[in-house]
Participant: 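Input: one structure, supplied below.
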Amino acid sequence: MKKNVKLFGRNVMLLVAIVACETNNFEDDPILVSDRKLMYNGMIKLYNNEMVLKWDNAIGLAIDNLSPPPPESRAYAMVTLAIHDALNNIVPKYEPYALDNSLVNPKDIPKKKIVQIADAAVAQAAHDVLVIVAPGWKLNADDLLVECLSKIEDSEFKEKGIKIGEEAAAAILEKRQKDLRPMFTSSTQGTLPGEYRSYMPWTIANLPIWPENAVYAPDWGNVEPFGITSGNSLDLVHHIQSIHRNTLPIMKKLSYWGATIALIEPRSNWT
């Protein structure tokens with residue numbers, strides 16, 4: 001169950017990437033459209049996923065098996081979406097989730113500086129969300145951020161990356177601030193087949209953690225989805241499942257900007 005939840009949290013990012021539209025918001029750029037795409041794709045290819053993997057591992061250390069499925073999957077989704085928005089506010093490959101990138105134009109970023117700005121943005125965005133969704137891991141996240149930023153050469157591009165990361169994190173935290181807080185509540189016990197009845201140990205109160213006949217997050221179904229917006233979108237779930245069955249070839253096809261954070265286990269197949 002935990003493994004499935006962990007995969008769900010990560011795959012929310014993939015779901016958003018798949019349904020997002022590629023953006024072309026560079027009308028003022030004098031470069032021809034075809035040449036522009038080649039240039040920006042070239043910038044993207046210069047970036048590897050090392051920093052993304054580092055913070056993906058940090059999410060696991062912070063929350064895996066330490067909370068029930070609803071908050072764990074939400075935490076994975078929020079951190080990875082913050083990374084997605086940060087990267088796509090440097091070179092806009094896809095529509096962002098929370099931080100608008102319609103006016104972003106990367107033409108002033110030298111190719112040799114793309115790693116600096118991207119690594120700084122990824123680290124800052126992941127850190128700023130992680131310390132909110134997993135406050136118990138704040139000291140570790142702070143130390144990891146200092147370590148990551150210390151390895152990036154000081155420059156205006158590093159500072160710009162930090163700023164983008166901060167903005168990406170702030171945007172998703174604001175967007176999701178009204179999410180329900182998952183908690184135990186006492187439930188009415190059913191008596192007929194198919195009606196819910198609590199089972200041990202939740203039938204006996206363990207205050208202040210849970211009350212008698214407890215159920216966890218019964219209203220979680222009312223939380224706004226991260227990627228699926230209607231019943232028609234459920235067809236994409238089958239697409240995600242098919243990706244699990246064909247991880248390696250799909251990952252080879254998704255070796256572009258943003259998709260590097262939509263990583264699917266096993267890790268030996270990551271690109």
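Remember, predicted model here, so these are calculated numbers, not experimental data. Numbers for residues simply follow the sequence, beginning at 1.
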Participant: Between F157 and I109, what is the shortest heavy-atom contact and its length?
Facilitator: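 So the minimum-distance heavy-atom pair works out to CE2-CA, 4.3 Å.
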Participant: Quick one, N88 with V91, criterion side chain to side chain contact (heavy atoms under 4.5 Å, CB included). Give me CA distance, side-chain angles, the key distance, then yes/no.
Facilitator: CA-CA 5 Å; N88 282 280; V91 178; over 6 Å; no
Participant: Mind listing the closest non-hydrogen atom pair of S186 and P211 along with its distance?
Facilitator: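 Minimum heavy-atom separation between S186 and P211: N-CG, 3.5 Å.
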Participant: Is there side-chain contact between Y196 and V215, with heavy atoms separated by less than 4.5 Å?
Facilitator: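 Of all side-chain heavy-atom pairs linking V215 with Y196, at least one is under 4.5 Å.
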Participant: Any salt bridge (Lys or Arg N to Asp or Glu O under 4.0 Å) involving residues 119-143? Give me the pairs, sequence neighbours left out, ordered by first then second residue.
Facilitator: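 Output for this query lists K138-D142.
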Participant: Crowded around E174 CD? As in, over 12 foreign heavy atoms under 6.0 Å?
Facilitator: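 Not buried by this count: 12 neighbours or fewer within 6.0 Å.
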Participant: Identify, with sequence neighbours excluded, every residue that meets side chain to side chain donor-acceptor pair (under 3.5 Å) alongside D179.
Facilitator: R74, R176
Participant: What's the separation between atom CD1 in I164 and atom CG in N89, rounded to the nearest 0.5 Å?
Facilitator: 6.5 Å
Participant: Identify every side-chain donor-acceptor pair in residues 220-228 under 3.5 Å, counting partners at least two apart or on other chains, and give the distances.
Facilitator:
none

Participant: Is the backbone N or O of T191 less than 3.5 Å from a side-chain atom of E195, with the two atoms forming a donor-acceptor pair by type?
Facilitator: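 Flag set: sc E195 to bb T191 pair under 3.5 Å.
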Participant: Do L61 and W137 have side chains that get closer than 4.5 Å, going by heavy atoms?
Facilitator: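 Contact flag for L61/W137 side chains = yes.
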Participant: Is S102 close to P92 at the side-chain level, that is, under 4.5 Å between some pair of heavy atoms?
Facilitator: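 A side-chain contact under 4.5 Å is absent here.
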Participant: For a side chain to side chain contact (heavy atoms under 4.5 Å, CB included) check, start with the C-alpha distance between W210 and M183, then their side-chain angles and the critical distance, and finish with the verdict.
Facilitator: CA-CA 8 Å; W210 68 78; M183 59 187 300; over 6 Å; no
Participant: Given Q189 and S187, is the side-chain hydrogen bond (donor to acceptor under 3.5 Å, both in side chains) satisfied, shown in steps?
Facilitator: CA-CA 6 Å; Q189 299 296 287; S187 68; 3.0 Å; yes
Participant: Please list, chain by chain and in numerical order, all residues satisfying side-chain contact (heavy atoms from CB on, under 4.5 Å) with I204, sequence neighbours excluded.
Facilitator: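 Only M200 meet the side-chain contact (heavy atoms from CB on, under 4.5 Å) criterion with I204.
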Participant: Pair Y76, D64 - check side-chain hydrogen bond (donor to acceptor under 3.5 Å, both in side chains), show working.
Facilitator: CA-CA 10 Å; Y76 266 111; D64 278 4; 2.6 Å; yes
Participant: Name the atoms and distances for all side-chain donor-acceptor pairs under 3.5 Å in residues 145-154, with sequence neighbours left out.
Facilitator:
{"unit_1": "S150", "atom_1": "OG", "unit_2": "V146", "atom_2": "O", "d": "3.2"}
{"unit_1": "S150", "atom_1": "OG", "unit_2": "E147", "atom_2": "O", "d": "2.7"}
{"unit_1": "E153", "atom_1": "OE1", "unit_2": "Q116", "atom_2": "NE2", "d": "3.2"}
{"unit_1": "D154", "atom_1": "OD1", "unit_2": "K158", "atom_2": "NZ", "d": "2.8"}

Participant: At what distance, to the nearest 0.5 angstrom, does CD of E156 lie from CD1 of I117?
Facilitator: 9.0 Å
Participant: How long is the straight-line distance from CH2 of W55 back to NE2 of H127, given to the nearest 0.5 Å?
Facilitator: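 That separation rounds to 6.0 Å.
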Participant: Could you grab the distance from atom CD of Q177 to atom CG of L173, nearest 0.5 Å is fine?
Facilitator: 9.0 Å
Participant: Find the distance between CG (D56) and CG (N49) and round it off to the nearest 0.5 Å.
Facilitator: 9.5 Å
Participant: When hydrophobic residues are tied together by side-chain contacts of less than 4.5 Å, even through go-betweens, does L99 share a cluster with Y94?
Facilitator: no
Participant: Nearest heavy-atom pair of L130 and I59: which atoms, and what distance?
Facilitator: CD1-CA, 4.3 Å
Participant: I need the minimum non-hydrogen distance between M51 and A123, along with the two atoms involved.
Facilitator: SD-CB, 4.2 Å
Participant: Kindly determine whether M78 and I132 satisfy side chain to side chain contact (heavy atoms under 4.5 Å, CB included), including the steps that lead there.
Facilitator: CA-CA 10 Å; M78 289 182 65; I132 300 299; over 6 Å; no
Participant: State, to 0.1 Å, how close A125 and A86 come at their nearest heavy-atom pair, and which atoms those are.
Facilitator: CB-CB, 4.0 Å
Participant: What I want to find out is whether K54 reaches E50 closely enough, with some N-O distance under 4.0 Å, to be called a salt bridge.
Facilitator: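 Judged by the 4.0 Å cut-off on N to carboxylate O distance, K54 and E50 do not form a salt bridge.
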Participant: Given side chain to side chain contact (heavy atoms under 4.5 Å, CB included), test I172 with D85 step by step and report yes or no.
Facilitator: CA-CA 9 Å; I172 193 169; D85 277 11; 5.6 Å; no
Participant: Please round to the nearest 0.5 Å and tell me the distance separating atom CD of E95 and atom CG of D100.
Facilitator: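 Result: 10.0 Å between the selected atoms.
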Participant: Start with the C-alpha gap between K163 and E167, add the side-chain angles, then the distance that decides, and say whether salt bridge (Lys or Arg N to Asp or Glu O under 4.0 Å) holds.
Facilitator: CA-CA 6 Å; K163 185 174 184 296; E167 292 173 350; 2.4 Å; yes
Participant: Can you hop from L144 to V129 via hydrophobic side chains spaced under 4.5 Å?
Facilitator: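 In one cluster with L144: V129, yes.
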Participant: Quick check: closest heavy atoms across H84 and P96, and the distance to 0.1 Å?
Facilitator: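 It is NE2-CA, 4.2 Å.
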Participant: Consider only side-chain heavy atoms of I, L, V, M, F, W and Y, link residues closer than 4.5 Å, and tell whether Y216 and L180 are in one cluster.
Facilitator: no
Participant: The criterion is side-chain contact (heavy atoms from CB on, under 4.5 Å); which residues satisfy it with I209, sequence neighbours excluded?
Facilitator: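 Counting only residues at least two positions away or on another chain, I209 forms a side-chain contact (heavy atoms from CB on, under 4.5 Å) with F184, N206.
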